[in-house]
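Before I ask anything, let me first share the structure, which is written out below as structure tokens.
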Amino acid sequence: MLESVSAQHRLSKGIQHLKLLNKELETAIETALLSAQESGELPRFEIPRIPVSAPKRADQGDLSYPAIGLAKLARKKPLDIASLIADWLPPLDFAGEVQVAPPGFINCFIADDYLKRQIDAIIAEGDSLFQLDIGCGEKAQVEFVSANPSGPITIGHTRGAVVGDAMARLLEAAGYDVQREYYYNNAGVQMIKLGKSLMLRYRQQLGDAAELPAGYYQGEYLIDVAVDLVANHGDSLRGEGWEFFRDAAESRMFDWIKRSLASIDIKHDRFYNETELFDSRQIWRVLDKMRENGHIYEGAYWEGADEDEIADVTAKSYEPATWFRSTTFGDEKDRVMVKSDGAPTYTLPDIAYHCDKLERGFDIAVNVLGADHFSQAQVVKHGIEALGMDPAPIHVIFNQMVRAVRRNDETGKLEAGKQSKRAGDFDTLDDLVEMTSADAVRYHMLARSPNSQLDFDVDQVVKQSNENPVYYIQNAYVRCAGIFREADERGFSDAGADLNLLGDDELRFIRKALELGNVIEQAALNYEPHKIAFFAHELAAVFHPIYDTVRVLHSEAPPEIAKARLRFYRAAAVVFYRLLRLMGMSAPERM
RNA sequence: GCUCCAGUAGCUCAGGGGAUAGAGCAUUGGUUUCCUAAACCAAGUGUCGCAGGUUCGAAUCCUGCCUGGAGCGCCA
């Protein structure tokens with residue numbers, strides 16, 4: 001489905017149009033190949049999609065296409081095919097020189113004139129730079145964080161929060177109408193334990209001798225809540241049951257969670273909880289539907305259980321439970337939907353929730369989960385299939401584990417944080433933000449493939465220096481802002497700037513900046529939000545050397561050249577602003 | 001035992017059929033009369049875990065193995 005959508009991608013209407021040059025060239029090459037086939041110079045074969053990419057070396061052009069890949073199909077020498085393509089290539093307004101390079105590459109240079117024109121185009125697009133229309137306004141949802149309200153946002157949740165929010169921003173940039181959702185379980189035994197834990201903490205505050213049993217929530221934060229309850233209500237809550245305390249705890253925890261997330265500029269549009277699915281009896285309707293479709297059965301153990309499992313279950317003398325025959329869909333064993341005590345497992349509401357999600361009509365439903373949810377997510381997917389629904393819109397990003405680390409000065413190795421004497425605890429989002437900054441947390445959590453385990457190096461992130469990529473990127477924007485401030489003070493403007501006076505350095509930056517559209521598309525449609533973080537750093541690395549030599553308000557820069565350069569920096573500032581916002585980071589005017 | 005993720009420079013990680021494998025940190029040396037040096041310039045560093053295979057071409061794909069992490073509940 002994505003392919004068909006992406007094929008009809010368009011850019012938003014603006015006065016100026018920024019193009020996805022890779023796509024343009026790919027299309028043009030396809031046209032050239034068809035023409036060559038038409039003319040008989042090339043045999044007929046189905047043209048495979050070979051992506052145009054940016055070569056590593058400058059002398060290999062800005063966009064490169066390996067025609068080598070067609071050699072076998074065309075039964076011709078790669079270099080000859082490349083030549084044919086070059087011959088038949090329709091005119092492209094952005095293309096300068098087109099070279100054929102051995103062993104069979106088409107290397108296309110972007111024309112300087114085109115690059116210069118893009119500067120005003122970038123400024124015109126402003127905050128919506130490279131706002132794509134791939135999504136055509138279709139509905140997308142990102143479900144992320146989804147931590148149960150039983151404690152603070154941990155470092156692991158934080159990764160999901162940052163990745164999810166960046167994903168949402170990228171989908172918006174790709175043209176989707178995006179909803180951010182937070183789903184949580186508040187109907188199970190864990191919340192009962194939370195309520196009882198708070199109740200005991202409350203009684204402790206009143207001087208009762210109460211111990212928290214093992215498995216209850218031992219965290220000190222519940223003591224804080226209990227202290228508050230005593231301060232506000234004295235001992236008047238002594239008669240309240242655990243339900244009261246559960247609700248009080250849930251409410252307090254959610255206030256905390258929302259405040260923590262807000263501190264890194266993350267806000268959900270909707271909070272959806274399990275209780276809704278119970279109250280609406282939706283979970284039972286889902287179970288009935290699965291039963292109707294023949295995927296549900298009752299039994300003390302699952303149909304494929306071996307002797308050991310049966311012996312184990314028999315020993316526990318369970319009453320029969322309700323099973324989902326998920327093995328039909330490739331699962332390794334069937335799963336319990338309703339326990340023998342009549343309570344549903346958490347899987348059933350989870351399936352019901354995703355069913356509801358699909359019924360709400362999202363064309364894309366991204367789910368950001370920790371890798372420890374892998375099996376669970378598979379079962380949910382099987383459940384959706386058992387309902388006769390298509391799980392295709394659902395895409396899960398699994399984040400591998402994350403831990404806070406510090407460098408051990410003796411070994412030089414990174415070690416998990418808690419053992420550090422200097423550190424104290426820093427395994428919550430609040431701690432991380434306090435020790436570093438919201439921007440640093442966001443950047444470092446994002447600048448890693450979700451598939452990689454992440455060691456959050458607290459010491460490195462704390463450093464506010466050029467050692468830290470966060471400030472390296474932001475400083476690019478700050479430097480632009482500094483130029484604008486100084487220009488304003490001197491009453492200098494870029495009105496009537498002649499961009500022909502710009503040099504190769506400036507154009508090198510524009511070249512790189514024009515890749516942003518492709519980066520957004522790739523990051524959004526392939527669910528790889530980390531790409532935007534790497535691109536931001538690369539762009540800053542192109543920017544800073546230019547800043548050093550391309551001076552605007554310098555005694556040796558003639559006013560006409562200064563004007564053109566000022567206009568250039570206006571464009572650069574737009575690009576960095578857009579990038580920083582896509583990552584959910586701030587774009588400070590000064591640092 | 002099975003499933004998923006990872007293994008690339010001293011460290012943390014990008015790249016994931018294409019041209020001479022990259023970045024940051026760390027190391028060494030240099031740069032500032034003028035828009036913030038949180039910057040720039042220069043230097044060195046590799047058995048891309050191991051072994052086979054596919055291919056014109058493999059860090060990238062396939063198979064097997066090794067190492068580390070996460071799962072495999074009538075927990076949520």
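These numbers come from the heavy atoms of this one structure, side chains and all, not from hydrogens, waters or symmetry mates. Here is how names work: the chains are called A, B, and so on, in the same order as the sequence lines, proteins then strands, and each is numbered from 1.
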Measure from CD on A:Gln453 to C1' on B:rC4 and round the result to the nearest Å.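 After rounding, the gap between these two atoms is 12 Å.
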Counting only Watson-Crick or G-U wobble pairs whose two distances fall under 3.5 Å, which nucleotide matches B:rA42? B:rU28
Return the nucleotide paired to B:rU3: Watson-Crick means purine N1 to pyrimidine N3 with N6-O4 or O6-N4, wobble means G-U with N1-O2 and O6-N3, both under 3.5 Å.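 Partner of B:rU3: B:rA70.
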Quantified in whole Å, what is the C1' atom distance between nucleotide B:rA23 and nucleotide B:rU67? 26 Å
Select base, sugar-phosphate, or nothing to describe what A:Gly104 touches, counting heavy atoms under 4.0 Å on all strands. nothing
B:rA26 versus B:rC62 - spacing of their C1' atoms, nearest Å: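 Each nucleotide's C1' atom is 38 Å from the other's.
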Under 6.0 Å between ring centres, would you say that holds for A:Tyr184 and A:Phe254?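 Aromatic pair counts; centres sit under 6.0 Å.
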Using centres under 5.5 Å plus planes under 30 degrees as the test, is A:Phe374 stacked with B:rG71? no
Provide the distance between the two P atoms, one in B:rG18 and one in B:rA42, to the nearest whole Å.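 Taking atom P in both B:rG18 and B:rA42, they lie 28 Å apart.
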Contact class for A:Met591 (heavy atom, under 4.0 Å): base, sugar-phosphate, or nothing?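 Base contact.
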For B:rG16, which nucleotide in any strand shown is its Watson-Crick or wobble partner with both distances under 3.5 Å? none
In whole angstroms, the gap separating P of B:rA14 from CD1 of A:Ile532 amounts to 17 Å
Quick check: A:His537 with A:Tyr472 (ring centres under 6.0 Å apart)?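 Close enough - the centres of the two rings lie under 6.0 Å apart.
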Check whether the aromatic ring of A:Tyr318 stacks on the base of B:rC74, taking stacking as ring centres less than 5.5 Å apart and planes within 30° of each other.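 A:Tyr318 ring centre within cut-off of B:rC74 base, planes near parallel; stacks.
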Can you label the angle between the A:Phe543 ring and the A:Tyr569 ring as parallel, tilted or perpendicular, going by 30° and 60°? perpendicular
P atom, B:rG10 versus B:rC48: distance in rounded Å?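 It comes out at 12 Å once rounded to the nearest Å.
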Tell me whether the OP1 or OP2 atom of B:rU3 has a side-chain N or O from A:Ser375 closer than 4.0 Å.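 Result: no.
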Are A:Phe509 and A:Phe568, when compared by the centres of their aromatic rings, separated by less than 6.0 Å?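 That pair passes the under 6.0 Å test.
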For the pair A:Arg246 and A:Glu243, find out whether any cationic side-chain nitrogen is under 4.0 Å from an anionic carboxylate oxygen.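 Not counted as a salt bridge, because no side-chain N and carboxylate O are separated by less than 4.0 Å.
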Using distance alone, with no hydrogens and no angle criterion, decide if A:Asp457 and A:His444 have a side-chain donor and acceptor under 3.5 Å apart. no
Cation-pi check, A:Arg551 onto A:Tyr547 ring (under 6.0 Å, within 45° of axis):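 Yes, A:Arg551 lies over the aromatic ring of A:Tyr547.
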Mind checking the C1' distance from B:rU8 to B:rU3? Whole angstroms is fine. 25 Å
Are A:Tyr297 and A:Asp334 linked by a side-chain donor-acceptor pair shorter than 3.5 Å?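 A pair is found: one side chain offers a donor N or O, the other an acceptor, under 3.5 Å apart.
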Residue pair A:Asn367, A:His354: steps toward the side-chain hydrogen bond (donor to acceptor under 3.5 Å, both in side chains) verdict: CA-CA 10 Å; A:Asn367 204 346; A:His354 283 86; 2.9 Å; yes
Base-pairing mate for B:rU47 - Watson-Crick or G-U, with both contacts under 3.5 Å: none
Going 5' to 3' through nucleotides 30-35 of chain B, assign each nucleotide B (protein heavy atom under 4.0 Å from a base atom), S (under 4.0 Å only from sugar-phosphate atoms) or - (no protein heavy atom that close). ----BB
Considering every strand shown, what is the Watson-Crick or G-U wobble mate of B:rU54 when both distances are under 3.5 Å?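 Its partner is none (no Watson-Crick or G-U wobble pair with both distances under 3.5 Å).
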Ignoring backbone atoms, test whether A:Lys531 places a side-chain nitrogen or oxygen under 4.0 Å from the OP1 or OP2 oxygen of B:rG15. yes
Please report the distance separating the C1' of B:rG64 from the corresponding atom of B:rU27, rounded so that it comes out in whole Å.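 Result for the C1' pair: 40 Å, nearest Å.
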Residue matched to B:rU36 through Watson-Crick or wobble contacts both under 3.5 angstrom: none
Mind checking if A:Phe534 touches a base, just sugar-phosphate, or nothing, with heavy atoms under 4.0 Å? sugar-phosphate
Identify whether any heavy atom of A:Ala300 sits under 4.0 Å from a base atom; if not, whether one sits that close to sugar-phosphate; answer base, sugar-phosphate or nothing. base
So, does A:Tyr472 get its side chain near the phosphate of B:rC40, meaning an N or O under 4.0 Å from OP1 or OP2?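 For B:rC40, OP1/OP2 do have a side-chain N/O of A:Tyr472 under 4.0 Å.
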In whole Å, what is the span from the CZ atom of A:Arg403 to the P atom of B:rC5?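 Taking CZ of A:Arg403 and P of B:rC5, I get 21 Å after rounding.
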